[in-house]
Chemist: 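Pasting a structure below so you can have a look.
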Number of protein chains: 2
Amino acid sequence: MNIVALAGGIGASKLLLGLYRVMDPRDLTIIVNTGDDIVLHGLSISPDLDIVTYTLAGLVNPETGWGFRDETFHTLEQLAVYGHSPWFHLGDRDLATHIHRTEMLRGGAGLSQVAESIRRAVGVEAKILPMTDDTVPTMIDTDEGRLHFQEYLVQRRAKPRVRAISFEGIQNARPTPGVLEALERASCILICPSNPLISIGPILAVPGIREALRDRRRRTIAVCPIVGGKSLKGPSDQMLAELGYEVSALGVARMYRDICATIVIDPADESYGPEIQSLGVDVIVHATVMRTLADKEVLAQRLLQFAESRRAGVAA
Amino acid sequence: MNIVALAGGIGASKLLLGLYRVMDPRDLTIIVNTGDDIVLHGLSISPDLDIVTYTLAGLVNPETGWGFRDETFHTLEQLAVYGHSPWFHLGDRDLATHIHRTEMLRGGAGLSQVAESIRRAVGVEAKILPMTDDTVPTMIDTDEGRLHFQEYLVQRRAKPRVRAISFEGIQNARPTPGVLEALERASCILICPSNPLISIGPILAVPGIREALRDRRRRTIAVCPIVGGKSLKGPSDQMLAELGYEVSALGVARMYRDICATIVIDPADESYGPEIQSLGVDVIVHATVMRTLADKEVLAQRLLQFAESRRAGVAA
């Protein structure tokens, strides 16, 4: 069994933690969005990579879903004294990750080597691969100008109206070594419940990845990040609406129909079932709102069942 | 009145704090050793500049004489998880200084501009000038090989036997803008009680500085860092001995005789007085061991008296 998951940050991590606990984690490969990456205070920050790694290592702050638990913010406080705006919350332990990453990158390592060194250091047994070692910042064109995604989301709290999204330099980006091979070997490819536009979107935009999924559409399953017309986490709903997408399980199924043959939707969205099926996408109705660890494990078990069925299909 | 002080780290800072409190701090310019500077974890660290700045800002840890008071070390702990040896103690607040410095330097600023931005941010009213904006690491040749000064002092705890000291690239270094002008305008030049070899030595080795002091020898006064054959702070005594210098007030007077006409020695060393005077160096006997704030202020007052006498002399 090889499960390959496409992941953004907090939403994806909840499900990944469930999977990590119910399967052999060495059979799990996670391809993580790096469009959110940003350089702040001269340090290279990879928010989604860190959220996934900290979560699986049991280090994440359970209240926020990002950063370390029991964290302090003394460096940031002193940086503010030196005139650096502290809009991006970097904790003291978290900064060690960014210092380590920046030093490795400056020394010539790729982001994937950095990710590997971090996940090993904190004892994560699943493979964690950044989607690309190239720099492909997600830029948001808004009614207040062009903003880096983090400026839009964190600094401006998703207030400006979104007109377009682009991933700078994506046409020349290459998948990280191992990404296409992992997709090829996968008995199941899981699209985590992350923002389709700015978490899963950048991964699919790396040349070769969307094509690889298309070729493995029967093995690919998405967990819908929209429940009852709202995002499970973050501003997905608002961004989808501002860009003219239908904010529903059906809207998500339309975005993924070419790359996945199955979608998990919440019982709240059961009524969309027939219309989604008419798109050629199978529907699994299962609770997708994960509040407790048990919620995460139960959904993960259901996905494992699907993966088993696909592995049988692949073997047949 | 213009006082210009040549300073290393902890020893110098005690006296400078006294001076800072008994005079108009805007009339004080401090030229600081940067031979100790080192890049660790990709961050540019200037220990002596920071010790002087933190001390005058009232931020320094009173127990160690370096770093911030009430400091935490969470970043360093996590860096150790990533395999970085934590031999150099970098606190969380302190790291903000290094992150700020590194970002400014990478952006093209000089070390003197960084020092200026930091001292202003923390409200220090004296001028703080690094001796040079060039990189001139102090290297120690030892019986265990060639080491950066911090590796010798902090990592190896001054255990290897010193054979020679050099300041890499010093022959091409230029004094920071303002240094020579400050020395020229000074009514008094003060050599702080710092290690003559590796704190004051690098400053004097920057082309033009030793010459400037020689030309102003009558205005220059040194506070002897050796009392009763021991260093006030750090491994000066041991280093002097290993390099064949006499470890005494007389030995220090010999090292400085060409650049200063007056030296302050502790009552414990009064017996050296006649021999020092025979070198052409005037002696002021005054307590130089500064345990309390009052000790620092009393010695500073005595130095101000000397400075006043020299200003009168300069004016005459």
Side-chain angles (χ1 to χ4, degrees), chain A residues 38-45 49-50 53-54 57-61 67-86 88 90-109 113-124, chain B residues 38-45 49-50 53-54 57-61 67-86 88 90-109 113-124:
Chain A
I38 191 166
V39 175
L40 287 173
H41 315 305
L43 299 173
S44 296
I45 299 166
L49 277 169
D50 292 347
T53 309
Y54 297 170
L59 297 170
V60 84
N61 180 341
F68 280 77
R69 63 172 76 228
D70 305 322
E71 182 62 299
T72 51
F73 291 83
H74 298 148
T75 307
L76 202 67
E77 287 167 17
Q78 189 61 26
L79 276 169
V81 171
Y82 298 139
H84 300 260
S85 166
F88 199 85
L90 297 167
D92 296 327
R93 290 177 182 81
D94 190 29
L95 272 163
T97 306
H98 313 317
I99 291 170
H100 170 68
R101 177 184 295 119
T102 304
E103 193 182 12
M104 276 191 79
L105 292 175
R106 287 236 169 77
Q113 290 169 288
V114 179
E116 178 71 7
S117 83
I118 293 172
R119 72 107 178 157
R120 281 183 182 274
V122 298
V124 171
Chain B
I38 190 166
V39 174
L40 287 172
H41 316 304
L43 299 173
S44 296
I45 299 166
L49 277 170
D50 291 347
T53 309
Y54 296 170
L59 297 170
V60 84
N61 179 341
F68 279 76
R69 63 172 75 229
D70 304 322
E71 183 62 298
T72 52
F73 290 83
H74 297 149
T75 307
L76 202 67
E77 287 167 16
Q78 189 61 25
L79 276 169
V81 171
Y82 298 138
H84 301 261
S85 166
F88 200 86
L90 297 168
D92 296 327
R93 290 178 182 80
D94 190 29
L95 271 163
T97 306
H98 313 317
I99 291 171
H100 170 69
R101 177 184 295 118
T102 304
E103 194 183 12
M104 276 191 79
L105 292 175
R106 286 234 169 78
Q113 291 168 288
V114 179
E116 178 71 7
S117 83
I118 293 172
R119 70 106 178 159
R120 281 182 183 273
V122 297
V124 171

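All of these numbers come straight from a predicted model, not from anything done at the bench. Each chain gets a letter, A, B and so on, in the order its sequence line appears, and its residues count up from 1.
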Chemist: Side chain from CB out, backbone as N, CA, C, O: work out which of these in B/Glu103 comes under 4.5 Å of a heavy atom of chain A, or both, or neither.
Modeler: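 For B/Glu103, side-chain heavy atoms alone lie under 4.5 Å from chain A.
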
Chemist: Between B/Phe68 and chain A, with a heavy-atom cut-off of 4.5 Å, which part of the residue counts as in contact: side chain, backbone, both or neither?
Modeler: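 Side chain only.
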
Chemist: Nearest 0.5 Å, what's the CD1-NE2 distance between A/Ile45 and A/His98?
Modeler: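 A/Ile45 CD1 to A/His98 NE2: 5.0 Å, rounded to 0.5 Å.
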
Chemist: Identify which of A/Thr97, A/Leu76, A/Asp94, A/Leu95 forms the greatest number of heavy-atom pairs closer than 4.5 Å to chain B.
Modeler: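 Answer, by heavy-atom pair count under 4.5 Å with chain B: A/Thr97.
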
Chemist: Is it the backbone or the side chain of B/His84 that comes under 4.5 Å from a heavy atom of chain A, or both, or neither?
Modeler: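 Answer is side chain: those atoms of B/His84 sit under 4.5 Å from chain A.
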
Chemist: Would you call B/Val122 and A/Tyr82 a side-chain contact if the rule is heavy atoms closer than 4.5 Å?
Modeler: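 With C-beta onward as the side chain, the pair touches.
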
Chemist: Ignoring hydrogens and geometry, is there a side-chain-to-backbone donor-acceptor pair from A/Asn61 to A/Gly67 under 3.5 Å?
Modeler: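 Checking the backbone N and O of A/Gly67 against the side chain of A/Asn61, no donor-acceptor pair under 3.5 Å is found.
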
Chemist: Kindly give the heavy-atom pair with the smallest separation between B/His74 and B/Asp92, and that separation in Å.
Modeler: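 Reported closest heavy-atom pair: N-OD2, 2.9 Å.
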
Chemist: What distance separates A/Leu90 CG from B/Ile99 CD1, expressed to the nearest 0.5 Å?
Modeler: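 Between A/Leu90 CG and B/Ile99 CD1, I get 8.5 Å after rounding to 0.5 Å.
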
Chemist: What part of B/Arg93 lies closer than 4.5 angstrom to a heavy atom of chain A: side chain, backbone, both or neither?
Modeler: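 Both parts, heavy atoms under 4.5 Å.
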
Chemist: At what distance, to the nearest 0.5 angstrom, does CZ of B/Arg120 lie from OG1 of B/Thr53?
Modeler: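 One finds 13.0 Å between CZ of B/Arg120 and OG1 of B/Thr53.
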
Chemist: Return the option, out of A/Ala80, A/Ala96, A/Ser117, A/Ala121, with the maximum number of heavy-atom pairs under 4.5 Å with chain B.
Modeler: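 When all of A/Ala80, A/Ala96, A/Ser117, A/Ala121 are compared, A/Ala96 has the most.
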
Chemist: Heavy-atom pairs under 4.5 Å with chain B: which of A/Ile118, A/Thr102, A/Leu43 has the most?
Modeler: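 Sorted descending by pairs with chain B, the first entry is A/Ile118.
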
